[in-house]
Protein chains: 2
Amino acid sequence: MARDYPPIEKCDTVVIHKDVVNRVKGKMPQEETLYDLAELFKVFGDTTRIRILWALDESEMCVCDIANLLGMTQSAISHQLRILKQADLVKNRRDGKVVYYSLDDEHVKQILDKGLTHTNEK
Amino acid sequence: MARDYPPIEKCDTVVIHKDVVNRVKGKMPQEETLYDLAELFKVFGDTTRIRILWALDESEMCVCDIANLLGMTQSAISHQLRILKQADLVKNRRDGKVVYYSLDDEHVKQILDKGLTHTNEK
DNA sequence: TAGAAAGATGAACAGTTGTTCATGTAATCA
DNA sequence: TGATTACATGAACAACTGTTCATCTTTCTA
């Protein structure tokens with residue numbers, strides 16, 4: 001994601017607003033923090049994954065159940081569950097042949113709810 | 001985003017877990033709601049936009065200032081601000097030639113903070 | 001009024017992402 | 001043990017996304 005940006009196009013405001021910009025620059029979080037944050041939201045930024053998370057908030061379910069519920073293939077769901085697991089949004093347990101997935105913690109629902117508050121009001 | 005999914009691969013759990021799956025199916029929000037939610041998080045899912053939002057939480061700024069702050073071109077920032085505005089995450093006001101952008105409401109910071117809580121703990 | 005400044009925008013291009021298809025692995029059971 | 005079930009995964013492909021470049025609009029000013 002690291003890119004090589006071209007020279008900055010300066011305009012008069014860069015001089016006029018120098019103090020404000022420098023103050024903000026000093027208060028910005030670490031690049032890595034912002035990168036991780038974007039990566040997290042990227043995981044939430046897909047309808048399939050949002051539907052999986054919403055479903056798992058209602059009940060623990062196995063891969064096949066989720067596929068059936070959402071009308072998608074087992075493979076597609078399995079790929080998405082891997083992404084959700086890597087982001088620590090879901091956890092799983094194995095019971096024989098069946099692997100049950102569930103939400104990792106309560107943050108997930110909180111983030112979904114905050115997003116919902118915004119979309120409902122706009 | 002609407003796709004034509006292939007026939008569902010059934011497995012035994014579909015019968016065994018029928019009641020759970022049907023209950024969850026009944027509690028799922030509207031498809032449109034989940035779509036809008038994913039669209040919202042998609043907007044948060046980019047480092048440049050996250051950096052812009054974080055900067056605007058500190059202070060109202062014009063396009064050129066943001067470009068200068070982030071070391072990117074005016075054009076790139078302008079494109080991203082359009083996306084943020086369409087998602088009702090930022091608003092703007094014109095003062096002569098200069099257009100100042102700021103966060104639209106307090107939800108934005110709340111969503112960022114919830115995300116940060118998650119990334120900090122994992 | 002002509003030129004410049006600040007910003008917006010369309011096209012193009014490379015990089016990324018989500019699903020499918022084929023196949024692999026772990027656990028169960030006849 | 002061999003077949004089957006549930007799930008995982010790599011490759012491939014189409015669709016999408018973010019930046020650049022060129023150009024356009026709006027506003028100010030000399």
Side-chain angles (χ1 to χ4, degrees), chain A residues 1-17 35 38-39 41-52 61-68 70-87 90 92-101, chain B residues 1-17 21 35 38-39 41-52 61-68 70-87 90-101:
Chain A
M1 200 45 84
R3 305 202 184 165
D4 199 14
Y5 294 111
I8 302 154
E9 298 161 20
K10 295 278 170 77
C11 59
D12 292 352
T13 65
V14 169
V15 177
I16 298 166
H17 302 151
Y35 177 82
E39 288 301 304
F41 286 123
K42 210 170 282 184
V43 176
F44 281 91
D46 176 77
T47 313
T48 300
R49 289 191 295 265
I50 285 281
R51 294 199 297 162
I52 292 174
M61 277 189 289
C62 69
V63 180
C64 188
D65 289 341
I66 301 171
N68 177 52
L70 304 187
M72 296 178 62
T73 64
Q74 173 268 316
S75 177
I77 299 300
S78 192
H79 277 295
Q80 297 298 0
L81 285 169
R82 193 163 64 88
I83 292 170
L84 290 169
K85 191 151 194 299
Q86 281 171 348
V90 305
N92 58 14
R93 69 180 177 88
R94 177 179 276 276
D95 180 15
K97 287 177 293 187
V98 183
V99 178
Y100 291 94
Y101 282 82
Chain B
M1 202 44 86
R3 306 204 183 164
D4 199 15
Y5 293 111
I8 301 154
E9 299 162 20
K10 294 278 169 75
C11 60
D12 292 352
T13 66
V14 168
V15 178
I16 300 166
H17 301 153
V21 172
Y35 177 83
E39 288 301 302
F41 286 123
K42 212 171 279 184
V43 175
F44 282 92
D46 175 78
T47 313
T48 300
R49 290 193 291 266
I50 284 281
R51 295 198 297 163
I52 292 174
M61 276 189 289
C62 68
V63 179
C64 190
D65 289 342
I66 300 171
N68 177 52
L70 303 186
M72 295 177 64
T73 64
Q74 173 267 316
S75 177
I77 299 300
S78 193
H79 276 295
Q80 298 297 3
L81 284 170
R82 192 163 64 88
I83 293 170
L84 290 169
K85 190 152 194 300
Q86 282 172 346
V90 305
K91 57 182 192 285
N92 58 13
R93 67 180 179 87
R94 178 178 276 276
D95 180 15
K97 286 177 293 187
V98 182
V99 178
Y100 291 93
Y101 281 82

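Chain letters run A, B, ... following the sequence lines, proteins first and then strands; every chain starts at 1. Treat the numbers as computed from the prediction; the structure is a model and nothing was measured.
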In whole angstrom, what separates A:Asn92's CG from D:dC7's P? 11 Å

Ring of B:His79 versus six-membered ring of C:dT9: centres under 5.5 Å and planes under 30°? yes

Toward the 5' end of DNA chain C, which comes first, B:Val63 or A:Asp95, by nearest nucleotide? B:Val63

How many angstroms lie between atom CG of B:Leu70 and atom OG1 of B:Thr47, to the nearest 0.5 angstrom? 11.0 Å

Side-chain atoms of A:Val98 come closest, of C:dG7, D:dA6, C:dA6, to D:dA6

What is the separation between atom CZ on B:Arg82 and atom P on D:dT20, rounded to the nearest whole Å? 16 Å

Side chain of B:Ser75, heavy atoms from C-beta onward: which of C:dG18, D:dA6, D:dT20 has the nearest atom to it? D:dT20

What about B:Thr73, does its side chain sit under 3.5 Å from the base of D:dT19 through a donor-acceptor pair? no

Please compare A:Ile83 and B:Val99 by the position of their nearest nucleotide in DNA chain C and report the one closer to 5'. B:Val99

Rounded interatomic separation in angstrom, taking CG from A:Asp65 and P from D:dT5: 16 Å

Is any side-chain N or O of B:Thr48 under 3.5 Å from a base N or O of D:dT19, one able to act as donor and the other as acceptor? no

If you look at every strand shown and take non-hydrogen atoms under 4.0 Å, does B:Tyr101 touch a base, only sugar-phosphate, or nothing? sugar-phosphate

Classify the angle between the aromatic ring planes of A:His17 and B:Tyr100 as parallel (below 30°), tilted (30 to 60°) or perpendicular (above 60°). tilted

Rounded to the Å, how far apart are B:Asp46 CG and C:dG15 P? 16 Å

Presence of donor-acceptor pair under 3.5 Å, side chain of B:Gln74 and base of C:dA8: yes

Without decimals, in angstroms, what is the distance between A:Gln86 CD and D:dT9 P? 9 Å

Once you round to the nearest 0.5 Å, how far does CG of B:Asn92 lie from NZ of B:Lys85? 4.5 Å

How many Å lie between NZ on A:Lys97 and P on C:dA27, as a whole number? 12 Å

When the nearest nucleotide of DNA chain D is assigned to B:Ile16 and to A:Ala76 on a heavy-atom basis, which residue is associated with the more 5' position? B:Ile16

Does any part of the side chain of B:Ile66, heavy atoms only, come nearer than 4.5 Å to the side chain of B:Leu81, both counted from C-beta? yes

From CG of A:Asp12 over to C1' of D:dA30, roughly how many Å is that when rounded to an integer? 15 Å

Provide, to the nearest angstrom, the distance between the CD1 atom belonging to A:Ile66 and the C1' atom belonging to C:dT19. 17 Å

At under 4.0 Å, does any side-chain N or O of A:Arg94 touch on OP1 or OP2 of D:dA6? no

Measure across A:Val43 and A:Arg49 and return the closest heavy-atom pair with its distance rounded to 0.1 Å. O-NE, 2.7 Å

